[in-house]
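Here is the structure we will look at.
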Amino acid sequence: MRTQVAIIGAGPSGLLLGQLLHKNGIDAVILERKSGDYVLSRIRAGILEQVCIDLMDEAGVGERMHKEGLVHGGFDMLFKGERHRIDMNKLTGGKNVMVYGQTELTRDLMDARAAAGLATVYEADNVTVHDFDSARPRVRYEKDGTTHEIECDFIAGCDGFHGVCRASVPQGAITEYEKIYPFGWLGLMSDTPPVHEELIYVNSTRGFALCSQRSHTRSRYYLQVPLSDKVEDWSDEAFWQELRLRLDPEAREKLVTGPSIEKSIAPLRSFVAEPMRFGRMFLAGDAAHIVPPTGAKGLNLAATDVKYLSSAIIEFYREKSEAGIDHYSDRCLRRIWKGERFSWWFTSLMHRFPDDGEIAQKLQEAELDYIVHSETGARSVAENYVGLPLNFGE
Ligand code: FAS
Ligand code: PHB
């Protein structure tokens, strides 16, 4: 079998790349090790930056997102028992974010790909990548006991943090930067109305909490928990009780609880692999970088990688130019490190670090008090949260 681009992974990165290439007449095959239902069952991101929204429109799959997505012009920061709104729309000259779950975005992309009859191999086992440092890279996989080989011009490693592509790069050719945080996020999804019309980020002496949402009838909540906690340690009632203890009186009063429809604990890490290009193989999304989800950057950074990679591959075929693919890694990393910095900073500001002593809480509260009473401080948070312009610093 031959294709122009072999995409490994049918998460948001792989599916969005496949759709953008298809819209530009470029043939791609997606190999995904799980089933489509399994991919859709993973509950992950909830906030889209304008860059991601624009890419979904460019890919021709934005209709339901615009119909069902919720536009948010601000969010609250709760500390010392008081809430303060960061008016992103005012502070950034009219920019917003959109609440639209990664699950729905992935579903839209999957449906579009199936409707166009494009090749996606789900439950592809033992994917391996070969000769990506040559002009004739190959991919192998097993399906129903038969081994298949795909010849291609490019391999897109969209296979996430635990994927095969980054792992196939010789150790001397790649540098990995990592920071592991001493806590996790216990997430709960419930079919209950959100406690507030916008998100609430909580800095509490008991630990971080986040009140998010997916729609007017579906809520998403997170609690900072010790790394030693297991999800089975947390009953729904224990979750709601702890959340109430971290909220302000108004939110506590308005909180509507109900049975969890999903509950899981995610570890937090900052991770970047450099470079992101190895001959004819490119890493995009979580395959190359991970952020702590505090800044809602994970999915959005993946979308920007895909924007740069799709443009580079389109330019290669259309203009026989390698300029885009030569600059892909540097362009991505310049934006990725700013997303990493904001996510690390916001995580450091909002979470309890018991080993840093009581002074850490006082310093966090002082910084929060400065931010919510300083237009400069608030604007810095706002412009990073809505997403820096694609050409920032260029
Ligand atoms: P993904 O990991 O989504 O997709 C990679 C795909 O590759 C998967 O479907 C996987 O099955 C497949 N794959 C892996 N190895 C393979 C192989 N060898 N062969 C074939 N296929 C293979 N971001 C936020 O902004 N906010 C959040 O709240 C948030 N919460 C998260 C919670 C968790 C538990 C995780 C892991 C991530 C979270 N993220 C969050 C980040 C998340 O949204 C990612 O940024 C997003 O999924 C990135 O998409 P992809 O790069 O496509 O990677
Ligand atoms: C979510 O809704 O899952 C979400 C929202 C904002 C974040 C992280 C996660 O910062």
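Indexing begins at 1, ligand by ligand and atom by atom, following the structure's order.
For atom 8 (C) of ligand 2, the closest non-hydrogen atom on the protein side is Pro293 O, 3.2 Å. For atom 35 (C) of ligand 1, the closest non-hydrogen atom of the protein is Arg44 NE, 3.2 Å. Among all non-hydrogen protein atoms, the one lying nearest atom 43 (O) of ligand 1 is Gln102 OE1, 2.5 Å. Of all protein heavy atoms, the one closest to atom 6 (C) of ligand 1 is Glu32 OE1, 3.6 Å. Regarding atom 5 (C) of ligand 1, its nearest protein heavy-atom neighbour is Cys158 O, 3.4 Å. With respect to atom 41 (C) of ligand 1, the closest heavy atom belonging to the protein is Asp286 OD2, 4.0 Å. Scanning the protein heavy atoms around atom 8 (C) of ligand 1, the nearest turns out to be Arg42 NH2, 3.2 Å.
Cation-pi geometry between Arg334 and Phe392 is not met at under 6.0 angstrom from the ring centre and within 45 degrees of the axis. Judged by the 6.0 Å distance and 45° axis criteria, Lys179 is positioned over the aromatic ring of Tyr181.
A salt bridge links Glu358 with Arg352: the distance from a Lys NZ or Arg NE/NH1/NH2 to an Asp or Glu carboxylate oxygen falls below 4.0 Å. No salt bridge links Glu151 with Arg280; every basic N to acidic carboxylate O contact stays at or beyond 4.0 Å. Under 4.0 Å is where a charged nitrogen must lie from a carboxylate oxygen, and between Arg2 and Asp27 no such pair does. Glu262 and Arg220 are joined by a salt bridge, as a carboxylate oxygen and a charged side-chain nitrogen come within less than 4.0 angstrom of each other.
For an aromatic pair to be called close, the ring centres must be under 6.0 Å apart, and His327 with Tyr308 fails this.
Counting heavy atoms closer than 4.0 Å to ligand 2, residue Leu210 contributes side-chain atoms (C-beta onward) but none from N, CA, C or O. Contact annotation for Val127 and ligand 1: only side-chain heavy atoms (C-beta onward) come within less than 4.0 Å of the ligand. At a 4.0 Å heavy-atom cut-off, ligand 1 touches Ala45 through backbone and side chain alike. By the criterion of a heavy-atom distance under 4.0 Å, neither the backbone nor the side chain of Ser264 is placed next to ligand 1. Contacts of Ser212 with ligand 2, taken as heavy-atom pairs under 4.0 Å, involve the side chain alone. Contacts of Asn300 with ligand 1, taken as heavy-atom pairs under 4.0 Å, are absent altogether. Looking at Tyr222 against ligand 1, only its side chain comes within 4.0 Å, counting heavy atoms.
Looking at ligand 1, you'll find an N or O of Leu299 within less than 3.5 Å of one of its N or O atoms. Ligand 1 has an N or O atom lying under 3.5 Å from an N or O atom of Pro12, backbone or side chain. Checked against a 3.5 angstrom limit, the closest N/O atoms of His162 and ligand 1 fall outside it. In terms of polar-atom proximity, defined here as any N/O pair under 3.5 Å, Tyr201 does make such a contact with ligand 2. The shortest N or O to N or O distance between Trp185 and ligand 1 is not below 3.5 Å. For Tyr385, no nitrogen or oxygen atom sits less than 3.5 Å from a nitrogen or oxygen atom of ligand 2, counting backbone and side chain alike. Residue Tyr222 has at least one N or O atom closer than 3.5 Å to an N or O atom of ligand 2.
In this structure, Arg44 has a heavy atom closer than 4.0 Å to ligand 2. Ligand 2 lies within reach of Trp185, whose nearest heavy atom is under 4.0 Å from it. For Leu199, the closest heavy-atom approach to ligand 2 falls below 4.0 Å.
Here atom 50 (P) of ligand 1 lies nearest to Ser13 when heavy atoms of Ser13, Gly285, Gly11 are compared. Heavy-atom proximity to atom 17 (C) of ligand 1, evaluated over Lys297, Arg33, His289, is greatest for Arg33.
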